[in-house]
Structures are given as C-alpha cells and as structure tokens.
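First up is the structure itself, then whatever we jot down about it.
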Amino acid sequence: QVLEWQDELGVLEGRGDALRRDFREERIYVLTPDGHVLDLAPGSTPLDYAYRIHTEVGHRCLAARVGGALVPLNHVLRTGDAVEIITDDGAEPSLDWLAPGLGYVGTSRARAKVQGWFRARDPDAATRSGRELIARELRRMGLEAAVLPELARRLGVADEVALALAVGTARILQGALLRAADAVVFAALWPPLAGLIGGIAPGLLDAAPVSAAFLIFLAGTGVFLLAV
C-alpha cells in the first residue's frame with residue numbers, strides 16, 4: 001500500500017514531486033520475501049535490514065539477495081527493493097562490519113547489536129580475533145609487531161594483550177586503531193615535525209582523521225605549517 005501510494009503521487013504536479021522527495025529522505029521501504037513492507041533509514045544495508053527483522057537473523061547473516069541477485073552486505077538499499085537474507089548457524093558477525101569506511105551498517109540500532117555481540121564474547125576468542133585484525137592492519141600498513149606497545153599506549157590500554165581484547169570486543173574500533181597507527185608512522189618517519197606538531201597542537205596526531213602520509217605531504221609543501 002505504501003508503494004502504491006508513492007506511485008499515485010506521480011499524478012500530482014509539483015506537490016507530488018515534493019512529497020515524494022520528502023518521503024524518500026525520511027525513510028526507505030523495502031519488501032520482505034513474504035511481501036511485507038519494512039521501513040528503514042536511508043543508507044541502510046542488508047545487515048541493517050537483517051537486524052531490523054531479528055537480532056539473531058543479523059548475527060547469522062551470511063549473504064543477501066536484492067531482487068533475486070546476490071549483493072554485498074554493504075549494498076545500499078532503496079525503496080522498492082525486495083530483500084532476502086541468507087543465514088547459516090555457523091555464521092557470526094565480523095569486526096569489519098563496524099569499520100566506518102566499509103559501510104556495512106548504517107543504523108545505530110544495527111551497530112549497537114553488533115557491538116553487543118562482540119562485548120559478550122568469551123575473552124579468549126575475542127583476544128584471538130583482535131590479534132588477527134591488528135596483525136592484518138599492520139601488514140597492510142607495512143608495520144612490524146614492535147609498534148604494538150606504542151599503539152597500546154596511544155589507545156589508553158595497558159599492553160598488547162589488553163589492546164587485542166579491546167579490539168576483539170569492539171571497545172576500540174578499527175578507525176581508532178588506524179588513526180593511532182598513522183600517528184606512530186608519522187612520528188617515526190619525521191620525528192622533528194612530529195615534535196613540532198605535538199607542541200603546537202597536543203593530541204592532534206592521535207585524533208586527526210587524516211593519514212600520516214597526507215600530513216607528511218602537506219608539511220612537505222608548507223601547507224600544513226601555514227594552516228597551523
């Protein structure tokens with residue numbers, strides 16, 4: 001009925017366009033396999049849809065179909081999409097779902113449920129997952145395990161084990177880990193400039209959402225120092 005009403009707005013001139021625009025901005029409306037309509041926030045993904053149905057459907061989500069075709073779990077849904085979630089009893093959430101740049105979850109409801117799952121995990125399993133994610137990101141950035149104590153210090157935890165546990169329970173998210181790693185790289189590559197920035201703007205290297213490489217580029221061109 002909602003979709004029919006939206007189609008009927010097409011016969012209205014001017015006002016219909018405005019109503020349709022407002023309608024789309026506030027919520028999107030997707031179809032379940034049974035033909036029911038679910039409302040979601042704009043920008044929602046199949047994972048948001050799965051957690052909207054039931055927490056366990058989200059936790060056990062393995063894949064998704066939209067309009068009968070397999071789509072990535074970070075696919076952005078649109079009004080009128082027919083969504084089907086494929087689950088498996090052995091499936092479980094991934095820490096990647098919480099990485100802001102990957103776009104797996106768009107709603108605070110789904111994000112909170114994913115974080116809740118990780119925070120309720122067995123500490124040993126959480127620590128293993130945290131170590132795996134940290135090792136993967138360090139490899140991607142070309143860093144050695146020797147930076148782990150400095151990462152732990154910057155992120156406010158006692159040691160490497162506490163860091164792995166905090167990452168594995170989603171208390172420290174991937175974005176914060178990467179920013180801290182960027183700061184370590186920057187401090188190692190250009191100590192004099194890192195010291196200068198630290199003196200002018202304490203905490204900037206820990207909090208800045210830009211990469212170390214970008215800061216080095218700006219500093220090399222003089223733009224960064226001018227901006228400061």
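Numbering of residues begins at 1 and proceeds along the displayed sequence. Computed from heavy atoms alone, side chains included, the values below leave out hydrogens, waters and symmetry copies. Since this is a predicted model, take the numbers as computed values, not measurements.
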* Indicate yes or no: at least one non-hydrogen side-chain atom of Tyr49 is less than 4.5 angstrom from one of Val57. => no
* To do: Verify side-chain contact (heavy atoms from CB on, under 4.5 Å) between Leu31 and Val37, making sure each step is shown before the conclusion.
  => CA-CA 5 Å; Leu31 297 169; Val37 176; 3.7 Å; yes
* To the nearest 0.5 Å, what is the distance between CD1 (Ile86) and CG (Leu62)? -> 7.0 Å
* Find out whether Leu133 and Leu177 are in side-chain contact, i.e. whether some heavy atom of one side chain is under 4.5 Å from a heavy atom of the other. => yes
* Please assess Arg140 against Leu178 for the test side-chain contact (heavy atoms from CB on, under 4.5 Å), listing each intermediate value before the final yes or no. => CA-CA 11 Å; Arg140 188 179 63 80; Leu178 295 180; 3.5 Å; yes
* To do: With side-chain contact (heavy atoms from CB on, under 4.5 Å) as the test, would you mind laying out the steps for Leu148 and Leu138 before giving the verdict?
  => CA-CA 9 Å; Leu148 287 174; Leu138 291 184; 3.9 Å; yes
* To the nearest 0.5 Å, what is the distance between CD (Gln174) and CZ (Arg136)? -> 5.5 Å
* Flag, side chain of Thr79 to backbone of Tyr29, donor-acceptor distance under 3.5 Å -> yes
* Asp34 side chain to His36 main-chain N or O, any donor-acceptor pair under 3.5 Å? -> no
* Structure fact -> So CZ of Arg121 and OG1 of Thr127: to nearest 0.5 Å the spacing works out to 9.0 Å
* To do: Taking atom CZ of Arg78 as the centre, report whether more than 12 heavy atoms of other residues, nucleotides or ligands fall under 6.0 Å from it.
  => no
* **Nearest non-hydrogen partners of Gly168 and Phe118, listed with the distance** => O-CD2, 3.4 Å
* What are the two closest non-hydrogen atoms of Cys61 and Ala91, and how far apart are they? -> O-CB, 4.1 Å
* Do the side chains of Val83 and Val71 get nearer than 4.5 Å, heavy atoms only? -> no
* Is the side chain of Asn74 donor-acceptor paired with the backbone N or O of Leu102 at a distance under 3.5 Å, no angle test? -> yes
* **Atom pair CG (Leu163) and CZ (Arg153), whose distance is rounded to the nearest 0.5 Å** => 13.0 Å
* Give me the ring orientation class for Tyr104 and Trp97: parallel if the planes are under 30° apart, tilted from 30 to 60°, perpendicular past 60°. => tilted
* To do: Please tell me if the side chains of Tyr51 and Ser44 come closer than 4.5 Å, counting only heavy atoms from C-beta onward.
  => no
* Can you name the nearest heavy-atom pair linking Ala176 to Ile172, along with the distance? -> CB-CG2, 4.2 Å
* Structure fact -> Shortest non-hydrogen pair, Ala110 vs Val105, comes out as CB-CG1, 4.0 Å
* Point-to-point distance, once rounded to the nearest 0.5 Å, from CG of Asp81 to NE2 of His75 -> 5.5 Å
* Asked: Measuring from Leu143:CG to Asp182:CG, what's the distance to the nearest 0.5 Å?
  -> 9.0 Å
* Given side chains that start at C-beta, do those of His59 and Glu92 come closer than 4.5 Å, heavy atoms only? -> no
* Salt-bridge test for Asp48 and Arg109: reply yes if a basic N is under 4.0 Å from a carboxylate O, no otherwise. => no
* Closest non-hydrogen atom pair, Leu47 against Gly58 -> CD2-O, 4.4 Å
* **Donor-acceptor contact below 3.5 Å, side chain Arg111 vs main chain Leu98** => yes
* To do: Examine Val161 and Val147 and state if one hydrophobic cluster contains both, with Ile, Leu, Val, Met, Phe, Trp and Tyr joined whenever side-chain heavy atoms are less than 4.5 Å apart.
  => no
* **side-chain contact (heavy atoms from CB on, under 4.5 Å) between Gln115 and Leu173, worked out** => CA-CA 10 Å; Gln115 287 179 312; Leu173 298 181; 3.9 Å; yes
* Asked: Which heavy-atom pair separates Gly43 from Val76 by the least distance, and what is that distance?
  -> CA-CG1, 4.0 Å
* Asked: Is Ser129 reaching over with its side chain to a backbone N or O of Ala126, donor-acceptor style, under 3.5 angstrom?
  -> no
* To do: Indicate, with yes or no, if Met141 and Ile134 share a hydrophobic cluster defined by side-chain heavy-atom contacts under 4.5 Å among Ile, Leu, Val, Met, Phe, Trp and Tyr.
  => yes
* Evaluate the side-chain proximity of Val157 to Leu165: yes if any heavy-atom separation is below 4.5 Å, no if none is. => no
* When you look at CG of Asp122, are more than 12 heavy atoms from neighbouring residues, nucleotides or ligands closer to it than 6.0 Å? -> yes
